[in-house]
**Q** 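Sending over a structure as structure tokens; questions will come in a sec.
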Amino acid sequence: MMNEKVRALLNDQINKEFYSAYLYLDFSNYFSQAGLDGFANWYKIQAEEERDHALLFYQFLQNENQPVTLEAIAKPDKIINTNMDVLRAGLEHEEYVTSLINAIYDEAHKDKDYRTMQFLDWFVKEQGEEETNANDLISKMELFGSDPRGLYLLNQELAARVYSAPSLVL
Ligand code: MG
């Protein structure tokens with residue numbers, strides 16, 4: 001039987017991942033309105049990934065025969081004035097999500113819940129990648145973003161991103 005504290009944290013993570021999707025869709029909307037369709041594409045795909053994460057937590061609880069409760073998704077609340085604000089908010093958010101995944105892992109570990117730990121292993125790796133991607137984007141923006149031609153090329157690069165389903169299948 002799954003520990004109630006672990007279950008509640010996994011259940012809450014469904015909501016957090018949907019919030020992430022909502023936040024990234026808001027970022028995509030910002031860039032769409034700014035005319036940077038490549039950045040808008042990149043964040044829209046990011047939103048799709050986050051929705052997939054939410055569904056993975058949902059499916060894991062279902063597979064474990066655990067009850068699921070869906071709560072209201074909060075309004076995206078990041079204050080955005082510049083392009084760089086978005087990128088920095090993205091990194092800050094991923095660091096926060098990493099701390100959430102680690103906290104669930106910590107509870108599962110305390111309870112010797114090896115199945116949940118194994119499920120979370122994929123997310124531990126994923127969070128490393130998310131933070132790297134967010135950092136890389138900030139670095140590129142710092143290097144090239146202040147030059148209109150640099151920004152144009154970076155926008156083109158981000159326009160090439162395509163959606164792919166998560167490698168974790170439950
Ligand atoms: Mg996620």
Side-chain angles (χ1 to χ4, degrees), residues 2 5-32 38-64 66-80 83-109 113-141 158-170:
M2 188 183 283
K5 202 166 177 185
V6 173
R7 190 210 63 82
L9 287 170
L10 289 168
N11 189 90
D12 200 35
Q13 196 61 29
I14 299 172
N15 188 277
K16 303 285 193 206
E17 299 291 342
F18 273 126
Y19 173 78
S20 299
Y22 218 34
L23 182 67
Y24 285 127
L25 197 60
D26 199 38
F27 291 174
S28 181
N29 182 42
Y30 165 87
F31 281 120
S32 198
F39 283 80
N41 172 64
W42 198 89
Y43 280 109
K44 193 175 172 200
I45 290 169
Q46 196 68 18
E48 291 182 287
E49 276 196 2
E50 299 303 344
R51 172 210 56 207
D52 291 342
H53 295 168
L55 294 176
L56 284 167
F57 280 94
Y58 170 83
Q59 192 59 51
F60 179 69
L61 284 170
Q62 293 263 316
N63 290 358
E64 295 296 314
Q66 296 298 316
V68 168
T69 310
L70 299 177
E71 304 290 351
I73 300 163
K75 183 180 176 177
D77 59 350
K78 301 282 184 188
I79 295 156
I80 304 296
N83 297 339
M84 192 56 117
D85 285 348
V86 178
L87 274 52
R88 291 201 191 285
L91 175 61
E92 186 184 82
H93 183 68
E94 287 305 332
E95 287 170 347
Y96 166 65
V97 174
T98 297
S99 76
L100 295 175
I101 299 291
N102 290 348
I104 309 171
Y105 208 108
D106 200 36
E107 278 306 316
H109 184 256
D113 181 347
Y114 301 113
R115 201 145 55 202
T116 297
M117 285 160 68
Q118 192 189 41
F119 166 71
L120 290 173
D121 280 338
W122 186 87
F123 286 93
V124 171
K125 186 161 176 279
E126 173 70 14
Q127 281 313 117
E129 289 169 11
E130 296 283 30
E131 286 186 35
T132 299
N133 292 341
N135 270 306
D136 286 354
L137 209 49
I138 289 170
S139 299
K140 284 180 182 176
M141 196 64 155
L158 299 180
R161 183 181 184 188
V162 291
Y163 167 77
S164 67
S167 59
L168 178 62
V169 178
L170 297 177

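Values reported hereafter were calculated over all heavy atoms of this structure, with side chains retained and with hydrogens, waters and symmetry mates removed. As the structure lists them, so they are numbered: ligands from 1, and atoms in each ligand from 1. On a predicted model such as this, the values are computed, not experimentally measured, just so you know.
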**Q** Taking the six-membered ring for Trp, is the centroid-to-centroid distance between Y58 and H53 below 6.0 Å?
**A**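 No - the distance between ring centres of Y58 and H53 does not fall below the 6.0 Å cut-off.
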
**Q** For the aromatic rings, using the six-membered ring if either is Trp, is the centroid distance between F123 and F57 under 6.0 Å?
**A**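 Centroid separation for F123 and F57: below 6.0 Å.
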
**Q** Ignoring hydrogens and angles, state whether a donor on the side chain of N29 or Y24 is under 3.5 Å from an acceptor on the partner side chain.
**A**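 On atom types as modelled, these side chains do not qualify, holding no pair under 3.5 Å.
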
**Q** Between F31 and Y43, how do the two ring planes meet: parallel, tilted or perpendicular, split at 30° and 60°?
**A**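 Correct class here is parallel.
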
**Q** Closer than 2.8 Å to the Mg ion (ligand 1): how many protein N, O or S atoms are there?
**A**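 If we list every protein N, O or S atom nearer than 2.8 Å to the Mg ion (ligand 1), we get 3.
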
**Q** Where is the tightest heavy-atom contact between N11 and V68, given as atom of each residue plus distance?
**A**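 So the two residues come closest at OD1-CA, 3.3 Å.
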
**Q** Establish, from distance only, whether the side-chain atoms of S28 and W42 form a donor-acceptor pair under 3.5 Å.
**A**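 No, no side-chain donor-acceptor contact under 3.5 Å.
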
